[in-house]
Enquirer: 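Could you have a look at this structure, given as structure tokens, before my questions?
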Amino acid sequence: MSSNRIQVLDLVFEKSLDKSTIQAEVSRIAGEMNRDLKEKNPIFLGILNGAFMFASDLFKQITIPCQITFLKLASYVGTQTSGTVKQLIGINQDLKDRSVVILEDIVDTGETLDTIIRQLSGYEPREILVATMLYKPEAIQKSIHLDYVGFEIPNEFVIGYGLDYNGYGRNLSEIYTMVPE
Ligand code: IMP
Ligand code: MG
């Protein structure tokens, strides 16, 4: 297997975005945020688990006054309905009238982000901005405005840089795309 190929559990992946390409994009986004959000005292909300690496690299380059926290979507089976309900947990700051910036690893169908935005709206922030490292335009099913996008990628399964396959691969500092069998 070439050094650009790795095996994770039963799947093979090939490197698709290398370290310097990713870091250049993170720097570009940080630069735009430092300019756009300078007077806004933003609060950044990193979505766990996937966004931890993007968030860490990005925040080291944010130079304006800001607050940072991390949220998680917890699934539970509702007692009233039969469906699975996803609840955003970990909000302990007052978001009212704040500029909130969501940090995501990837936007695929947009379901997750849509859920997050709807729940955050209840806290009456001044505005909600969205930053995502990866975006699959072919997969999106919701109408969501993305303010900062690292890379648009094809509708293929990827791991690395926070993204996982059954919990594995999050620690990879580069992004790998699944190779079809
Ligand atoms: P969405 O709700 O369909 O937009 O999917 C968002 C979530 O699905 C992400 O936060 C990831 O956890 C997961 N996801 C979507 N695509 C991928 C992928 O290619 N690799 C790993 N996880 C993914
Ligand atoms: Mg995620």
Side-chain angles (χ1 to χ4, degrees), residues 1 4-19 21-23 25-26 29 33 43-59 68-78 81-91 100-122 128-181:
M1 205 177 290
N4 284 335
R5 287 206 168 190
I6 56 166
Q7 175 139 11
V8 176
L9 302 175
D10 58 325
L11 298 180
V12 176
F13 294 83
E14 187 157 55
K15 194 184 292 178
S16 48
L17 292 169
D18 69 16
K19 225 176 272 184
T21 308
I22 295 169
Q23 293 307 322
E25 235 7 61
V26 172
I29 293 172
M33 287 176 168
I43 178 161
F44 289 99
L45 307 180
I47 308 301
L48 296 174
N49 294 321
F52 80 95
M53 203 175 282
F54 172 43
S56 171
D57 284 345
L58 183 82
F59 293 153
I68 292 169
T69 191
F70 288 88
L71 305 179
K72 194 166 175 117
L73 269 179
S75 314
Y76 64 92
V77 178
T81 59
S82 54
T84 301
V85 183
K86 289 218 159 197
Q87 194 191 2
L88 197 56
I89 59 172
I91 300 172
V100 166
V101 186
I102 299 169
L103 289 196
E104 261 288 26
D105 49 357
I106 189 165
V107 178
D108 186 24
T109 64
E111 283 287 345
T112 305
L113 196 52
D114 188 64
T115 299
I116 291 169
I117 290 171
R118 275 190 284 106
Q119 294 194 31
L120 286 177
S121 300
I128 299 175
L129 302 174
V130 180
T132 185
M133 190 66 218
L134 301 176
Y135 169 44
K136 295 180 184 173
E138 294 159 22
I140 193 86
Q141 287 175 22
K142 298 278 175 179
S143 162
I144 299 173
H145 181 71
L146 304 175
D147 298 275
Y148 304 94
V149 176
F151 301 95
E152 292 193 1
I153 61 168
N155 193 7
E156 295 167 340
F157 190 72
V158 294
I159 58 165
Y161 205 66
L163 289 148
D164 74 301
Y165 170 47
N166 285 350
Y168 292 90
R170 294 195 196 276
N171 51 307
L172 298 164
S173 50
E174 320 203 275
I175 292 169
Y176 292 76
T177 301
M178 193 182 98
V179 178
E181 287 168 78

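When a ligand or atom number is given, it counts from 1 through the structure's own listing order.
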Enquirer: Could you tell me, atom by atom, which parts of ligand 1 come under 4.0 Å of a heavy atom of D164?
Expert: 21 (C)
Enquirer: At what distance, to the nearest 0.5 angstrom, does CG of L71 lie from CG of L48?
Expert: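 The distance works out to 7.5 Å.
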Enquirer: Below 30° counts as parallel, above 60° as perpendicular, anything between as tilted: where do the rings of F59 and F70 land?
Expert: perpendicular
Enquirer: Kindly confirm or rule out an N or O of L163 lying under 3.5 angstrom from an N or O of ligand 1.
Expert: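 Between L163 and ligand 1, no N or O pair is found under 3.5 Å apart.
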Enquirer: Please state whether D105 comes within less than 4.0 angstrom of ligand 1, counting heavy atoms only.
Expert: yes
Enquirer: Just jot down the ligand 1 atoms closer than 4.0 angstrom to any heavy atom of E111, in number order.
Expert: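 Here the atoms of ligand 1 in question are 2 (O), 4 (O).
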Enquirer: Under 4.5 Å between any side-chain heavy atoms of D105 and F54, yes or no?
Expert: no
Enquirer: Which ligand 1 atoms, with their elements, are less than 4.0 angstrom from a heavy-atom of E156?
Expert: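 Listed by number with element, the hits are 19 (O).
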Enquirer: Just how far is it from atom CZ of F44 to atom CD1 of I68, taken to the nearest 0.5 Å?
Expert: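 Spacing of CZ (F44) from CD1 (I68) equals 7.0 Å.
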Enquirer: Enumerate the atoms of ligand 1 whose separation from the nearest heavy atom of T109 is less than 4.0 angstrom.
Expert: 1 (P), 2 (O), 3 (O), 4 (O)
Enquirer: Is the closest basic N to carboxylate O distance between R5 and E14 below 4.0 Å?
Expert: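 Yes, R5 and E14 are salt-bridged.
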Enquirer: Taking atom CG of N155 and atom CG of D108, what is their separation to the nearest 0.5 Å?
Expert: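 So the gap between those two atoms works out to 6.0 Å.
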Enquirer: So which of T115, T112, T132, I47 gets nearest to atom 7 (C) of ligand 1, if we judge by its closest heavy atom?
Expert: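 Ranked by closest heavy atom to atom 7 (C) of ligand 1, first place is T112.
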Enquirer: Tell me, please: is M178 in heavy-atom contact with ligand 1, that is, under 4.0 Å?
Expert: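 No, M178 has no heavy atoms under 4.0 Å from ligand 1.
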Enquirer: Keeping to residues at least two apart or across chains, list the side-chain hydrogen bond (donor to acceptor under 3.5 Å, both in side chains) pairs with something in residues 159-168.
Expert: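 Every pair satisfying side-chain hydrogen bond (donor to acceptor under 3.5 Å, both in side chains) with a residue in residues 159-168: D10-Y165, D57-Y161, D164-R170.
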Enquirer: If you measure every N/O of G110 against every N/O of ligand 1, is any gap under 3.5 Å?
Expert: yes
